Amino acid sequence: MKKITLLFILVNAFAYSQINLGTTILQNTVVASNLNVPWDMTYGADGNIWFTELNGNIKKMNPTTYTITNVFTIPDVVLFGFSVGLHSIVLHPDFNTNHYLYVHYTYSTSMSKIVRYEYDEANNTLINPTIIKGNIAAGVSHNGSRMVILNDKLFISLGDTYSTPAVAQNISIVNGKVLRLNLDGTVPSDNPIPSNPLWTLGHRNPQGLCYGNGKLYSSEHGTGNNDEINIIESNRNYGWPNVEGLCNTATEITFCNANNVKEPIYSWSPAIAPCGLDYYQNPVIPEWDNSLLLAVLKDKRLIQLKLSADGNTITQQNTYLINTYGRLRDVLVIPDGRVFICTSNRDYTGTPIAADDRIIELKNNNPLSIATSEEIKTTIYPIPADDILHIESNSKIDFVQLMSIEGKEVYFEKYSESIDVNHFSPGIYLLQLLDSDRNSIEKKKVLIE
């Protein structure tokens with residue numbers, strides 16, 4: 001029998017407020033309440049938002065009806081320390097076919113592991129747990145973690161376990177690293193060090209990881225100062241504990257020159273406790289296009305970090321929802337341009353209200369029409385698409401390109417108002433409409449089922 005708990009939310013019971021971005025008005029709405037420290041959210045090819053709760057719960061939410069379904073409670077999750085338990089989750093790109101998802105959690109007060117489960121849709125539960133990476137040291141804090149799948153490789157950010165900062169520079173220990181694994185847990189042959197899952201080293205507590213602009217971005221907790229945004233590059237050293245923030249003291253400069261250190265592209269002092277991170281690239285909210293969105297714990301806000309065209313620098317910072325919902329643990333962008341954030345007020349240092357913890361939706365009040373500064377208007381439907389994708393625009397479009405979420409081109413043809421997507425693998429794609437010189441006119445993420 002299916003084990004399903006449904007959370008029905010009446011429209012007239014929603015708590016609405018607005019964010020004025022200038023030309024765009026965002027409506028922010030609490031769409032889920034009474035959660036237990038939701039830690040990580042991910043969007044699946046099945047069209048649902050999947051999320052973890054610290055105590056071991058795995059749930060999914062329909063982003064149209066906001067119905068929450070309890071899927072599974074991991075039986076061996078151990079809670080301890082400063083909000084340590086079930087952390088990150090990611091779904092396999094071919095989830096609709098193989099039903100695989102991956103989670104990272106602590107199973108004792110000193111150890112954690114990455115486990116792959118299989119979703120049993122008929123019974124709405126998880127089955128066949130397989131350890132992908134076991135025996136990862138855990139601490140009372142600084143365990144990370146976030147996971148991203150790119151080009152059939154699993155990336156996970158891990159912290160230094162709080163009391164052992166020196167491990168971040170030890171290449172034989174996985175803590176304080178970003179790891180890169182094959183999806184079966186083996187080590188890729190082209191990793192920087194043979195038979196070693198290490199991709200980067202020198203991390204203190206990276207609690208945000210996302211892909212965008214052809215780059216892997218991370219947010220990382222510093223000490224009382226020097227919280228960071230980093231671009232994760234193979235075989236680079238990010239300095240901790242020898243370097244905090246930029247290489248700007250004599251000792252740090254010496255270490256950086258000798259150890260291939262990659263400096264952050266942005267840092268904060270005093271610390272703000274940056275957490276979940278996602279990349280926004282969608283004309284639905286034009287002010288946020290080509291930006292990182294960052295959930296913040298200590299400073300209790302959402303931060304937009306506008307990126308340069310090449311994605312290598314941050315050109316502007318804007319803050320929203322200051323002290324509105326409390327501590328923000330994660331942020332998620334879904335293909336239709338909506339943004340979801342979750343709170344972390346029931347953790348060790350939070351001050352929850354009766355409704356905590358919550359998930360909040362941010363959306364453009366006029367999502368049906370996409371307009372640029374040149375008043376180009378484009379409608380793309382249906383989303384999700386399972387047969388034919390339709391494109392209607394008042395602009396002259398010459399070419400249409402579809403890119404996989406890993407950055408691979410899967411379709412490039414002269415413009416047509418209808419594209420047969422029936423033969424594409426289910427998943428999230430970047431759709432680009434191009435002019436005769438192949439310059440981008442519109443960009444939009446689309447979901448193909």
Side-chain angles (χ1 to χ4, degrees), residues 7 9 11 13-33 35 38-44 47-51 60-68 208 210 212 217 219 272 274-297 299-307 316-345 353 355-371 383 428 443-447:
L7 176 64
I9 307 176
V11 172
F14 283 177
Y16 296 110
S17 60
Q18 293 183 336
I19 300 172
N20 190 334
L21 301 181
T23 60
T24 304
I25 303 296
L26 295 186
Q27 176 179 290
N28 52 294
T29 308
V30 175
V31 296
S33 302
L35 303 175
W39 187 279
D40 194 16
M41 300 183 292
T42 189
Y43 187 79
N48 286 301
I49 295 171
W50 291 70
F51 65 95
K60 61 179 180 177
M61 182 175 75
N62 183 314
T64 301
T65 65
Y66 312 112
T67 301
I68 289 180
C210 73
Y217 295 95
S219 61
I272 61 170
C275 203
L277 185 73
D278 209 351
Y279 177 66
Y280 197 94
Q281 186 181 46
N282 198 313
V284 169
I285 307 176
E287 294 89 344
W288 285 0
D289 198 37
N290 191 34
S291 294
L292 297 173
L293 299 180
L294 176 67
V296 173
L297 294 164
D299 274 13
K300 303 175 183 177
R301 63 191 62 194
L302 178 71
I303 298 179
Q304 175 217 359
L305 299 167
K306 186 71 173 179
L307 292 164
Q316 186 180 3
Q317 172 184 268
N318 295 300
T319 59
Y320 308 97
L321 303 176
I322 301 170
N323 295 321
T324 303
Y325 297 110
R327 292 160 57 83
L328 303 184
R329 177 66 65 175
D330 196 23
V331 56
L332 174 69
V333 179
I334 69 171
D336 65 9
R338 284 181 291 163
V339 177
F340 291 82
I341 54 177
C342 64
T343 69
S344 191
N345 292 318
I353 65 171
D356 278 324
D357 275 309
R358 293 165 284 174
I359 295 176
I360 300 97
E361 174 197 68
L362 309 179
K363 68 176 181 179
N364 190 338
N365 275 340
N366 184 24
L368 299 179
S369 175
I370 304 169
I383 301 294
I428 302 169
K443 297 178 183 177
K444 183 176 175 63
K445 288 182 181 178
V446 297
L447 174 64

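Keep in mind the model is a prediction, meaning the values are calculated, not measured.
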Q.
Tell me every residue that passes ring pair (Phe, Tyr, Trp, His ring centres under 6.0 Å) with W288, counting only those two or more places apart in sequence or in another chain.
A. Y320

Q) Can you name the closest pair of heavy atoms from L328 and A295 and give their distance? A) O-CB, 3.5 Å

Q | D278 side-chain N/O to V333 backbone N/O, donor-acceptor pair under 3.5 Å | A | yes

Q | Any donor-acceptor pair under 3.5 Å from D40 side chain to D330 backbone | A | no

Q: Could you tell me whether the side chain of N62 and the main chain of T64 form a donor-acceptor pair under 3.5 Å?
A: yes

Q. Considering residues at least two apart in sequence or located in another chain, which fulfil the side-chain contact (heavy atoms from CB on, under 4.5 Å) criterion with D299?
A. I272, V296, R301

Q.
If we ignore hydrogens and angles and just use 3.5 Å, is the side chain of K306 paired with the main-chain N or O of D289 as donor and acceptor?
A. yes

Q: Taking all non-hydrogen atoms of both residues into account, name the closest pair between L277 and C210 and its distance.
A: O-CB, 3.4 Å

Q | Check: R329 side chain, C342 main-chain N or O, donor-acceptor pair, under 3.5 Å | A | no

Q) Hey, are the side chains of I285 and L362 touching, using non-hydrogen atoms and a 4.5 Å cut-off? A) no

**Q.** Contacts of Q281 that satisfy side-chain hydrogen bond (donor to acceptor under 3.5 Å, both in side chains) - sequence neighbours left out
**A.** none

Q | 4.5 Å side-chain heavy-atom contact, I334 and K445 | A | no

Q) Quick one: are D336 and V284 in side-chain contact, heavy atoms under 4.5 Å? A) no

(Q) Counting C-beta onward and ignoring hydrogens, is there a side-chain heavy-atom pair between F340 and V31 closer than 4.5 Å? (A) yes

Q: Please say which of D356, N345, T343, N28 ends up in a side chain to side chain donor-acceptor pair (under 3.5 Å) with Y325.
A: N28

Q | Where P63 and G47 come nearest, the two heavy atoms and their spacing | A | CD-O, 3.2 Å

Q. Side chains of Y66 and E361: is there a donor and an acceptor less than 3.5 Å apart?
A. yes

Q) Do N290 and Y279 have a side chain donor and acceptor closer than 3.5 Å? A) yes

Q. Is N318 reaching over with its side chain to a backbone N or O of Q304, donor-acceptor style, under 3.5 angstrom?
A. no

Q. Under the 3.5 angstrom rule, does the side chain of S219 hit a backbone N or O of C275 as a donor-acceptor pair?
A. yes

Q | Non-hydrogen atoms of N365 and Q27 that approach each other most closely | A | OD1-CB, 3.1 Å

**Q.** Closest non-hydrogen atom pair between L35 and R358, with its separation
**A.** CD1-C, 4.4 Å

Q: Please report the closest heavy-atom contact between V331 and L293, naming both atoms and the distance.
A: CG1-O, 3.2 Å

**Q.** Test item: L292 and L294 side chains (from C-beta on) under 4.5 Å apart, heavy atoms
**A.** no

